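One structure is given below, encoded as structure tokens.
Source: prediction; values computed, not measured. Residue numbers begin at 1 in each chain, while the letters A, B, ... track the order of the sequences.
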Amino acid sequence: MNTASLTAHELMDRIKIGGITPARIVDDVLARAQAVNPGTHAFIRFADKITAGEGACPLPIAIKDNICVNGSLTTCASKILEGFRPPYDAEVVARIKAAGGVILGSANMDEFAFGSSCETSVYGPSHNPWDLKRVPGGSSGGSAAAVAAGQAVWALGSDTGGSIRQPAAFCGVVGLKPTYGRVSRYGLIAFGSSLDQIGPITKDVRDGALLLNIIAGFDPKDSTSVNAPVPDYTRALGRDVKGLRIGIPREYFIPGIQPEVLAAVRAAIDVFKAQGAQIVDIALPHTAYAVATYYIVATAEASSNLARFDGVEYGLRAFPAVPRKGKLIDMYEETRAQGFGAEAKRRIMLGTYVLSSGYYDAYYLRAQKVRTLIKQDFEKAFGACDVILSPTTPTTAFRIGEKMNDPVAMYLSDIFTIPANMAGIPAISIPCGFDGAKLPVGLQLMAGPFAEETLLAAAYAYEQAAPWHQARASL
Amino acid sequence: MSTFETVIGLEVHLQLKTRTKIFCACPNVFGGTPNSHVCPVCLGLPGSLPVLNRQVLFDGMKVGLALGCRINTFVKFDRKNYFYPDLPKGYQITQFDFPIAQQGRIAFISGGKKKHVGITRAHIEEDAGKLVHDAAHQCSLADYNRTGTPLIEIVSEPDMRSAQEAYDYLTALKLTLSYLGVSDCDMEKGSLRCDANVSIRPLGEDRLGTKTELKNLNSFSALKRAVEFEAGRHEGVILGGGQIVQETLLWDEAKGRTVSMRSKENAHDYRYFPEPDLVPFTFDAAVIEDVRRTLPELPAAKQARLMTGHGLNDYDASILVQDPALADFFEACVSAGAEPKKAANWLNGPVMKELNDRGCPLAGLKLTPANLVKLAARVEDGTISNLAGKDVLADIVVSGEDVDCVIAAKGLAQVSDDAMLVSVVDEVLAANIKAVEEIRAGKAGVTGFLVGQAMKKMQGKANPKKINEIIARRLTHG
């Protein structure tokens, strides 16, 4: 077996017995990453300097391009941040470095994480390692593709409405969105501040637990991070799922789901049943409003978060060829006209609209109320079950270009993942089979706030019984 | 006589002098090399996040309590969105619907009458940076040192009816705020800034007229002049059959007039919404009482106490409370045995003059209450003259030396030795026969001339009262 296809815990085991050195791992993985990157375009750039790390976990990692790395280009795959090198490390990056982690480079993403396919990246799309004509999902598509293609041992993504789980599902890897507040957002270039959460994208569940161990925990620099103890998440792995109550939300099993996805998820339910889990029918009645509500809350926050990209301090600065209204306003308008792509502009306009005077109550305020109802749905549901199970996405990976002209169809590919962000709860996507075209299917599990251990235990139990995660894309 | 009344409300921004900025650990200091007190947070760099400096909350509570406000225990911040190069995030973090303090009131004397002005609210927010316009290079430079300086914005009700009332309100507000020790309250340095909302209406009308907002009021006198000008402008427009347009104007100090900055049509839609990066929280109401206990005695209460407790008149007491340090010094003098009225005279007169001449605060002088009390006593008992007393004061405020040592070293002690004074007086009388004759003829005023001559001979070291007595004695008996 070659180095690039091994999991982090397998590599750590080998380092321990002297079977391989950290330097060798970096060389092998980097060689693989560079060799297949022309096909996947998972990385938009490799780090300037890559040297073997020292520490508890000296493994190479791909970092999504919206997480700040001190002195390295960090652009959110947007033209407006061209040339931007943050003078500081994101908290997660600092923690990874402290553990000896080696940053291989920046993983592609949808511009500012606005998208579900990686197609809105100013650097062009990434390709799904299982079928290069298809999207890897998004917005953390580069991170998921890199892990699936063996271009990184593991990766960091960010998830605002499914941006870790949906690409993980499309690429046949494990993607974990932690509880809001579990991982510091300091240094994550914000999209929807009340929804964003950084999380691991890995080859299996154990790696997810390992990487979460490194990045989770209170950070005084992030007021929304929660000061709760961080357990060793790997200790939850192997827990029996006998008696575990698994809720099946009837609202998630709707017409329009790809039959093969539905079949794979039904089969997964049977796997849990066979292990003694208790399957319960639950209701999440406000699910139907989640996507609409999300696109109000997330775009409102985004419109404000992206105001700082104005050409004044850093990144792109542009002036029109012919002066229009005055030097300053011309600069603002031209910089933002040139710097943002179509989807970013669409979301800034949406968000500006829903916050504007006279519309605030009808949109933003109403959306916040519905968000509370969605949260309450989950609180109620977790009274009746420990874990909620659903498909991660309604379909498997679609073709590049297929949904670019239909934003709403694109938005609907996050229909099952958005509610967890609205409620702030942890959720994971794990591989649960393939469709007829040999494309991976993702199974989503959700748990209550800070119940990552329950989530990981259930995911691990499934993975052990149904090792779909062991399949590797042939590239 | 105008048939209109002017209606004024003020918005005052107070910069807090906390050790660090409001949302980051950068030092909160005035000036400095441009962009030397900055970090990713106050520069608004992508990915950075704000963390509230709790001291700002306490200072905000102090301000609210001092202005008699109700304190909100629910703490929430909001974003106010607008583009300007001095605002690196493209939004200002402020408090929209839950200000730290609401519904207060301040009382002061204006035009000899007691006046009350309502405080609508006081809220916490962050200051923006500063733009420097470089005409020579045709460009603007941004300095973000000030970005993230904590501010309290104090909004009054439209309760003032003249420029003088607005001036007196701001004076009273500044005095109260300066007692709290949370800000330098210095308009010149911008740690106290004021915008005015001005409208006029026919006398007897209840509804408010259309208001305009005045900015760039950089001094107390600018406030007064700008409000006067603007009220006059409103009246001119209305009497001319026109209508006031709601807009923001800048006060042009040099030209003495207001200039339109932006109209309502171009007004910003600030798109306020809750700041998602700062989690709202509620604190225990007991904290408010803890903060209330730390409040110093405020000027109104102090003035009342100086009057009833020490028998000072309104004028003396009001001057002393202008500077809490001065009032404290006064009380220390009284404790050290000074007679209150005399101590007030020394402080409000010669000491105040030293402060003004030197342009420094009381703490900048080496004056101690004990030394000032001693000085007053030496003048009182005739050891030195009044004039010499001022000399000694000028010395001890710098040297901090004991009054008696200074008197001795400078040889300022008045000669009270009768024999010596008598011989000097006799010399003067002998040399001024004509004056002596005039006095004998009833021209008593000439005595002063003789006293002056004698003092001159004594090089000022004689007690003039005593010389006067000797002259009188000599002229009756001699």
Side-chain angles (χ1 to χ4, degrees), chain A residues 66-68 74-76 81 84 86-91 181 184-190 192-196 219-226 297 300-301 303-315 327-329 331-332 336 351-360 364-365 368, chain B residues 23-25 35 38-54 75 77-93 96-97 128-129 131 133 138-144 147 264 266-281:
Chain A
N66 61 351
I67 299 172
C68 290
T74 305
T75 68
C76 290
L81 270 172
F84 177 64
Y88 71 101
D89 274 330
E91 176 64 15
S184 170
R185 293 185 296 117
Y186 190 79
L188 169 67
I189 300 180
S193 309
S194 72
L195 302 153
D196 295 343
D219 175 10
K221 297 188 298 305
D222 174 3
S223 307
T224 64
S225 92
V226 174
V297 175
E301 291 179 5
S303 71
S304 174
N305 284 331
L306 269 59
R308 71 190 68 203
F309 306 110
D310 58 4
V312 175
E313 259 192 272
Y314 43 77
K327 213 166 176 186
L328 180 63
I329 183 106
M331 191 269 278
Y332 282 151
R336 290 167 70 84
T352 303
Y353 178 77
V354 299
L355 287 177
S356 55
S357 149
Y359 297 96
Y360 180 88
Y364 186 80
L365 201 62
Q368 288 293 16
Chain B
F23 297 125
C24 63
N35 300 310
V38 292
C39 73
V41 176
C42 55
L43 285 175
L45 291 188
S48 66
L49 295 169
V51 177
L52 178 66
N53 176 349
R54 292 291 169 114
V75 180
F77 288 90
D78 302 273
R79 291 187 184 178
K80 178 181 179 178
N81 296 282
Y82 65 95
F83 285 91
Y84 204 62
D86 66 3
L87 190 69
K89 299 190 297 296
Y91 56 84
Q92 178 193 34
I93 302 177
F96 182 57
D97 47 2
L131 296 184
H133 303 289
Q138 287 281 298
C139 67
S140 296
L141 302 166
D143 176 5
Y144 296 117
T147 309
K264 196 187 175 189
N266 295 321
H268 292 125
D269 178 354
Y270 290 118
R271 291 173 281 118
Y272 284 99
F273 77 104
E275 164 58 286
D277 288 332
L278 293 167
V279 187
F281 62 95

What class does the angle between the rings of B:Phe83 and A:Tyr332 fall in, given that below 30° is parallel, 30 to 60° is tilted and above 60° is perpendicular?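 Tilted.
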Counting only heavy atoms closer than 4.5 Å, note whether [X] contacts chain B via side chain, backbone, both or neither.
X: A:Tyr359; answer: neither
X: A:Glu301; answer: both
X: A:Asp310; answer: side chain
X: A:Thr352; answer: both
X: A:Asn305; answer: both

Can you name the nearest heavy-atom pair linking [X] to [Y], along with the distance?
X: A:Tyr364; Y: B:Pro274; result: CE2-CD, 3.8 Å
X: B:Asp277; Y: A:Arg185; result: OD1-NH2, 2.9 Å
X: B:Val51; Y: A:Pro220; result: CG2-O, 3.2 Å
X: A:Leu328; Y: B:Tyr84; result: CD2-CE1, 4.2 Å
X: A:Lys327; Y: B:Gln138; result: NZ-O, 4.3 Å

Taking A:Leu81, A:Ile329, A:Leu306, A:Val312 one by one, which has the highest count of heavy-atom pairs under 4.5 Å against chain B?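 Of the candidates given, the most pairs with chain B belong to A:Val312.
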Among A:Val354, A:Leu365, A:Leu188, A:Asn66, which residue forms the greatest number of heavy-atom pairs with chain B at distances under 4.5 Å? A:Leu188
Does atom OH (A:Tyr360) have a neighbourhood of more than 12 heavy atoms from anything else shown, all under 6.0 Å?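 Enclosed.
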Is there a donor-acceptor pair closer than 3.5 Å between any side-chain N or O of [X] and the backbone N or O of [Y]?
X: A:Ser223; Y: B:Pro50; answer: yes
X: B:Asp269; Y: A:Ser356; answer: no
X: A:Tyr88; Y: B:Ser48; answer: yes
X: B:Arg79; Y: A:Ser304; answer: no

Per-residue contact mode, [X] against chain A (heavy atom under 4.5 angstrom):
X: B:Tyr272; result: backbone
X: B:Asn81; result: side chain
X: B:Phe273; result: both
X: B:Pro88; result: both

Non-hydrogen side-chain atoms of A:Glu313 and B:Leu45 separated by less than 4.5 Å: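 SC-SC contact between A:Glu313 and B:Leu45 confirmed.
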Top contributor to chain A contacts, counting heavy-atom pairs under 4.5 Å, from B:Pro46, B:Ala142, B:Pro85: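 Max contact count across the listed options: B:Pro46.
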Which one, B:Leu87, B:Leu43, B:Leu52, B:Val279, leads in non-hydrogen pairs under 4.5 Å with chain A? B:Leu43
